[in-house]
Amino acid sequence: MAVTPTPATGACGRIDVAAVKRDFPLLHVHVHGRPITYLDSAATSQKPQAVLDRLDWYYRNINANVHRGVYSIAEEATNQLETARDRVRSFIGAKSTAEVVFTKNATESLNLVIQGWGRANLSPGDAVVLTHLEHHANIVPWQILATERELELRWVPLTADGHLDTTHLDQLLDGAKAFSFTAMSNVLGTVTPVRELADAARAAGAISIVDACQYVPHLPTDVQAMGADFIAFSGHKMCGPTGIGVLWGREELLDAMPPFLGGGEMIRDVRLDGFTPNDLPWKFEAGTPPIAEAIGLGAAIEYLETLGMVAVRQHEIDLVGHAMQVLTERFGERIQIHGPVNPQDRGGVLSFAFDNLHPHDISQVLDQHGVCVRAGHHCAKPLMRVLGLQATARASFYIYNDEADVEALAAALESAADFFML
Amino acid sequence: MPGLEDLYREIILDHYRNPRNRGELPVPPAHKVEGFNPLCGDEIVIYLEVSDDNVVNDIKIAGQGCSISQSSASMMSSAVKGKTVDEVRELIRAFKSMMSIHESSLEGEGGEGEDGAVNGSGVKLGDLEALRGVVKFPVRIKCATLAWNTLTQALDEIG
C-alpha cells in the first residue's frame with residue numbers, strides 16, 4: 001500500500017506544523033479569495049492525504065462486504081477492517097479487540113451504552129449522575145431513558161472558572177448506579193480529572209461512562225489508566241472520516257449487556273423462536289459496518305502516532321496559551337475567554353465573547369476573512385444556561401494550526417469590531 | 001460570492017445599534033409572546049397591544065440576538081405600529097415571501113423589486129427591503145424571520 005504518513009515531528013518531539021499543514025489538502029483552499037484559516041476542529045478535523053489515499057485505495061482495490069466472504073478481496077477487506085480495530089485498540093491501550101466496538105459516531109456509542117447497559121441494569125428510582133459540562137449526546141439519551149425508567153438525574157455543578165465542582169461528588173454519587181461525564185468540554189475546553197471521577201464512581205458502586213470525543217484526538221489515551229468502564233469517541237475529530245465512532249468497554253460489562261441494534265452480523269444463530277448473539281465486539285455491530293471509514297480511521301491513527309500524542313498535547317497547550325495571551329493583550333477587556341485560565345487545564349478550545357458582538361455576527365465577518373470558527377450553543381444548552389450565555393464564538397485548534405492562525409483570528413476580530421462600530 | 005455588504009446594509013446596522021420600540025408593555029392590556037431560535041439560542045419577546053377595532057396601538061420588543069434578528073425585529077416594530085391586524089398579516093406574508101425567494105431570482109437583481117413591491121402582493125416593504133440580502137446567506141434566514149414568526153403567534157393567540 002503506497003501510503004506513508006509524513007514524519008512531521010522534529011528531533012525534539014515538537015510538531016513541525018508547516019510539514020503537517022502540507023499533508024492536509026483542504027488547508028490550501030481559498031475562501032472569499034483568502035487562504036483558509038480553519039479553527040473548527042472541535043466540530044470536525046480536516047483529513048490528511050494519507051487518510052484520503054487509504055479510502056481511495058480501499059474502494060479501488062478491495063471493496064467487498066466483510067466477514068463470511070470466501071473470495072480474496074472480501075478476505076482482504078475483513079483483514080483490513082480488523083487490522084484497523086487492532087490499531088484503535090493499541091492507540092487507546094485496550095486489552096483486547098473484543099472491547100473495541102465500531103459505531104457510526106460517539107453519539108451512537110453513548111446511546112449504545114445508555115440503552116444497552118441502562119435498560120438491563122436500571123429500574124425506577126435509580127439515580128444517574130451527569131455534569132453541567134455535558135454535550136447533548138450525553139444528556140438526551142439519559143433523559144429518554146429517565147422518562148421510560150423513572151430515573152433520577154443528578155448534576156455535578158461547575159466552579160466559577162469552568163472546572164467541575166467535586167465538593168459534593170460523594171453525596172451525588174451516593175446510591176447512584178452510573179456516572180456519565182465528559183473528559184473534555186467542547187465549549188470550555190476543560191479537561192476533567194477522569195481517573196479521579198472514575199475512582200469515585202467505582203467507590204460508590206456506580207459504573208463510569210466517559211464522553212471522550214474531545215479527548216482522544218488531542219491527548220494520549222490509556223483506557224486502563226483512565227479507570228472508567230466505557231469510553232466513547234468519534235473518528236472524524238481525529239483526522240479520520242465521518243461515519244465511524246468507537247465504543248470501548250470492559251469486556252465483562254459488554255459481555256453481560258444485551259445487543260443494541262439487531263440484524264445481520266450481530267448474531268451467531270437465528271431460529272424462528274429466537275437468536276443467539278455473536279461474540280464481542282460483533283455482537284454490537286449489526287448490519288454492514290462502516291468498512292472504508294474504519295480503515296480510514298486506522299490510517300488517521302497511524303498519522304497521529306507518527307506525530308506522537310505527547311507532542312500533539314504539548315503543541316495544543318502551547319498554542320492555546322499563546323492564543324489566550326495574544327487575544328488578551330490585544331483586546332484587553334473587550335474579549336472574555338470562557339473556561340479555565342491555565343492552558344494546562346484545557347484542550348485546544350477557546351470559547352469567547354467579544355465586544356458585545358453576537359457570535360453569529362462575529363462568525364459571519366470572520367468567514368469573509370477565510371477564518372472558520374463556530375458560533376452558537378455547541379450542543380450544550382444546559383451548560384450555556386448555567387453560564388448565563390445564549391451562544392459563544394468558538395475557535396478550536398489542532399495539529400495543523402500555528403501562531404499565524406492566531407494572528408489571522410485576531411486581525412479578523414479587529415475588522416469585525418470596525419465593521420459593526422458598536 | 002455574496003459579500004458582507006449584501007447582508008449588513010447600513011439601515012440594518014442602524015436598527016441594530018439603535019433598536020426602535022425596545023422595552024416592555026404592561027400585560028394586560030398588552031399580549032406577551034416569546035420566540036426562540038433553537039439553532040442559535042436567539043430569543044425575542046414581543047409585547048403587542050391591539051385595540052378593539054383591530055389596530056396595533058403599540059408594540060415593544062425585548063430579548064437578545066444577532067444583528068440580523070434584532071434589526072429585523074426593530075424594523076418590524078416600526079412597520080406594524082398603527083396598522084390594522086389584516087394589514088399586519090399582509091405584511092408578514094410579504095416579508096416571509098421575500099425571505100423564501102429562490103437564490104436564482106437574485107442573480108442580476110436590477111433593483112429591490114419594483115417600487116418595493118413584492119411578488120405582486122402590492123405590499124410596500126419599505127426599509128424592510130434592506131433585509132432582502134439575507135436570503136443569500138441561508139443560515140441567517142431564521143434570524144431574520146424569528147420576530148415575524150413570533151408576531152404571527154401573537155396575532156393568532158389574540159385571535
Side-chain angles (χ1 to χ4, degrees), chain A residues 29-36 40 43 135-136 139-140 187 338 351 353-394 412-422, chain B residues 1-20 22 34-45 61-75 99 103 130-147 149-150:
Chain A
V29 303
H30 283 64
V31 177
H32 300 291
R34 296 171 191 247
I36 195 167
D40 198 18
H135 185 283
H136 295 164
I139 296 176
V140 180
V187 178
H338 306 297
S351 270
F354 179 67
D355 250 7
N356 287 324
L357 289 176
H358 191 282
H360 268 180
D361 292 319
I362 293 175
S363 168
Q364 194 88 57
V365 178
L366 263 49
D367 174 59
Q368 294 288 318
H369 292 259
V371 178
C372 310
V373 301
R374 191 146 290 256
H377 53 61
H378 316 296
C379 293
K381 288 194 86 168
L383 172 61
M384 302 304 278
R385 288 202 176 91
V386 166
L387 297 170
L389 300 166
Q390 283 183 314
T392 74
R394 182 188 73 184
L413 282 173
E414 192 69 78
S415 94
D418 291 346
F419 184 82
F420 287 101
M421 288 183 304
L422 282 174
Chain B
M1 212 177 272
L4 279 186
E5 62 285 355
D6 291 311
L7 181 63
Y8 298 114
R9 297 286 173 78
E10 192 47 49
I11 191 158
I12 294 178
L13 294 176
D14 175 56
H15 275 266
Y16 179 46
R17 293 177 192 128
N18 310 294
R20 323 293 201 266
R22 188 88 192 152
E34 293 174 64
F36 297 93
N37 181 344
L39 290 176
C40 59
D42 282 5
E43 62 180 47
I44 187 168
V45 187
I61 309 282
Q64 302 167 52
C66 69
S67 59
I68 299 301
S69 76
Q70 294 299 290
S71 63
S72 182
S74 170
M75 289 189 207
M99 283 297 117
E103 186 98 19
L131 285 161
R132 182 184 289 276
V134 173
V135 286
K136 295 180 189 173
F137 298 80
V139 293
R140 305 300 294 274
I141 291 176
K142 279 195 161 61
C143 309
T145 53
L146 175 62
N149 291 333
T150 310

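All figures in this text were calculated on a predicted structure; none of them were measured in a lab. Every heavy atom of this structure was used, including side-chain atoms; hydrogens, water molecules and symmetry mates were not. Chain identifiers are assigned alphabetically (A, B, ...) following the order of the sequence lines, protein sequences preceding nucleic acid strands; residue numbering begins at 1 within each chain.
- To the nearest 0.5 angstrom, A/Ile362 atom CD1 is 10.5 Å from B/Ser67 atom OG.
- For the residue pair A/His360 and B/Asp42, no side-chain donor N or O sits within less than 3.5 Å of a side-chain acceptor on the partner.
- Only the side chain of A/Gln368 comes within less than 4.5 Å of a heavy atom in chain B; its backbone stays farther off.
- Neither the backbone nor the side chain of B/Gln70 has a heavy atom closer than 4.5 Å to any heavy atom of chain A.
- For a residue to count as touching a neighbouring chain, one of its non-hydrogen atoms must lie under 4.5 Å from one of that chain's; by this rule B/Leu4 touches chain A with backbone and side chain alike.
- Heavy-atom neighbours of A/Lys381 NZ from other residues, nucleotides or ligands within 6.0 Å: above the threshold of 12.
- In this structure, B/Arg140 CZ and A/Asp361 CG are separated by 5.0 Å, a value rounded to the nearest 0.5 Å.
- B/Cys143 contributes atom SG, which lies 8.5 Å from atom CD of A/Gln364 (distance to the nearest 0.5 angstrom).
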